[in-house]
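All ligand and atom numbering here is 1-based and tracks the order in the structure. Numbers here simply count residues along the sequence, with the first being 1. Nothing here was measured: the structure is a model prediction, and the numbers come from that model.
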Amino acid sequence: MKTLDNYNFSNKKALIRVDFNVPLNENFEVTDTTRIEAAKPSITKILEDGGAVVLMSHLGRPVGKEEKFSLKHITSKVSEILGVQVKFVDDCVSDEAFAASEKLENGEILLLENLRFYQEEKEGNEDFAQQLAKHGDIYVNDAFGTAHRAHASTAVIAKYFENKRAGRLLEKEINNLDKVLNAKEKPVTAILGGAKVSSKITVIENILEKIDHLIIGGGMTFTFIKAQGGEIGDSLVEEDKLNLALDILKLAKKRNVEVHLPVDSVVADKFDKNANTKTMPVDAIENGWMGLDIGTKSVANFTEIIKASQIILWNGPMGVFEMEKFAEGTIKIGEAIAAATKNGTFSLVGGGDSVAAVKQFGLENRVSYVSTGGGAMLEMLEGKSLPGIAALEN
Ligand SMILES: Nc1ncnc2c1ncn2[C@@H]1O[C@H](COP(=O)(O)OP(=O)(O)O)[C@@H](O)[C@H]1O
Ligand SMILES: O=C(OP(=O)(O)O)[C@H](O)COP(=O)(O)O
C-alpha cells in the first residue's frame, strides 16, 4: 500500500476521503475536534508540497438532504484547525461542485457537502464513485473511522485512480494496531470491558492467539462468572452465551493465555446514579443487587498485570463509568495504564466507550495512542479486512 511518503504533490489536486463525522451540539458547534485534528498531517503535507486539497466526508446518518447534517456547519472549525480558509460547496457532484474543484489553486482547500446526502454513497454506486473521482488527480484515503464501510467514497472510488494512497492517519492507525497484534515484546495484555460478551466474541477469539494476558471487566464479567457456577444476583448476563464463555476460557488455556476476571464488584440495588451501593465478592452477589463496577481488590490485581505488561490494548470500560458511583474502576485502570505507559509500555485504546472514558477522565495524552475509529478498530481486532484499506492495496 502506498502512503504519502516519497511523493511530491506539487501542482497536484488530491481528493482526500476524511472522517469528519464529529459530534455537534444544538448550535451546530463541533464538541470534539479530534477527527479534524487527526486529518491535519495529510492535508498539511500536500499543501506544503504545493498541491491543492479537495476534502470529502460524511456526517451522521442523514435520510436524504437533512440540513442539520450539512458539512457547512463545520467549515469554520476545519478552517481554524487547518489554519487555511476552507472553501465549501453545497453538493458533491453538481456542475457547481466540479467548477469549484476545477478552479482550486495550489495551497487551497475545498470541502464538499455530506456524501451521505446521496444514497449512492452507502450503496457503493459505481457511477457516483466515478463522478466523485473527477475532483482530483490523486486519491487519498485518510478516513480510518469509516474504513470498515464499503461505500462509494471509501472503497469503490479507488479503482478510478492510478495513484491512490493511504493518508497519514490511516497509516498511523494500522501501524499502532500492528504493534499490538504483531507485538515483538511480551507480555501483551488485552483489557476488554463494556456491556456484552456477544459484541466482543470475535475480537476475543482473534486476539487470543496474540496475547499473554486477558483482563475482563464490565458487564461481560457476569456471563463468565455465572458460567463457572458463581452467584451474580441481578447483574447483566447473557444466558445464551454461558457455554461460549466456558469455551473461551478453555481456548485461552490451550493458547497459554492467562485470563483475569474481577474478584469483587461494586453492586447497586438499582441501575441508577443514586442507587445504594456496597462491595461484594463477584461470585456471591445477592439477589436484588447488580454489579456495576469492579471492586478495589480487582483493581489491585489488574494493576499488577498492567504494570508488568510491555504492550496493552484496552477496549471497553470496566463499569458503568457514565455514573460517578461506578466510574472508579475505569478511572483506576486508566490510570494504571497511563503509569505503565510512562514507564515505557505501549498502550493502545480503541473502541467507542473506552475512548469516551479516556477523554472524560483526562487520560488521552497519557496513553500511547487513542484510535479515531470505534467500529473500524473493532473490525480490525476481529481480524477482518477493511474495504477502505483493501481498496488501496489492489
Ligand atoms: N457492569 C456493567 N453492567 C452494565 N453495563 C455496563 C457494565 N459495565 C460497563 N457497562 C456499560 O457498557 C457500555 C459500553 O459497552 P460497549 O458498547 O460494549 O463498549 P465499547 O463501546 O467500548 O466497545 C457502557 O455504556 C457502560 O456503561
Ligand atoms: O463514527 C463512525 O463510527 P464509530 O462511531 O464506530 O467510530 C464512523 O464515522 C462511521 O460512521 P457510520 O457507523 O455511520 O458508518
Any Met377 heavy atom less than 4.0 Å from ligand 2 = no

For Arg116 and ligand 2, answer yes if some heavy atom of the residue is under 4.0 Å from a ligand atom, otherwise no.
-> yes

Considering the heavy atoms of [X], write down every atom of ligand 2 situated less than 4.0 Å from one of them.
X	result
Gly375	4 (P), 6 (O), 7 (O)
Gly374	4 (P), 6 (O), 7 (O)
Asp19	8 (C), 9 (O)
Arg149	12 (P), 13 (O), 15 (O)

Return the closest protein heavy atom for [atom] as residue, atom name and distance.
atom	value
atom 11 (O) of ligand 2	His58 NE2, 3.3 Å
atom 5 (O) of ligand 2	Arg35 NH2, 4.6 Å
atom 10 (C) of ligand 2	Gly145 O, 3.6 Å

Are any of the N/O atoms on [X], whether in the backbone or the side chain, positioned under 3.5 angstrom from an N/O atom of ligand 2?
X	result
Ala376	no
Thr372	no
Gly373	no

Exercise: do Glu37 and Thr33 side chains pair donor with acceptor under 3.5 Å | yes

Would you say the side-chain atoms of Asp19 and Thr146 include a donor-acceptor pair closer than 3.5 Å?
-> yes

Where on Met290 is there a heavy atom closer than 4.0 Å to ligand 1, on the side chain, on the backbone, on both, or on neither?
-> neither

Using a strict 4.0 Å cut-off to heavy atoms of Gly291, name the atoms of ligand 1 that fall inside it.
-> 1 (N), 2 (C), 3 (N)

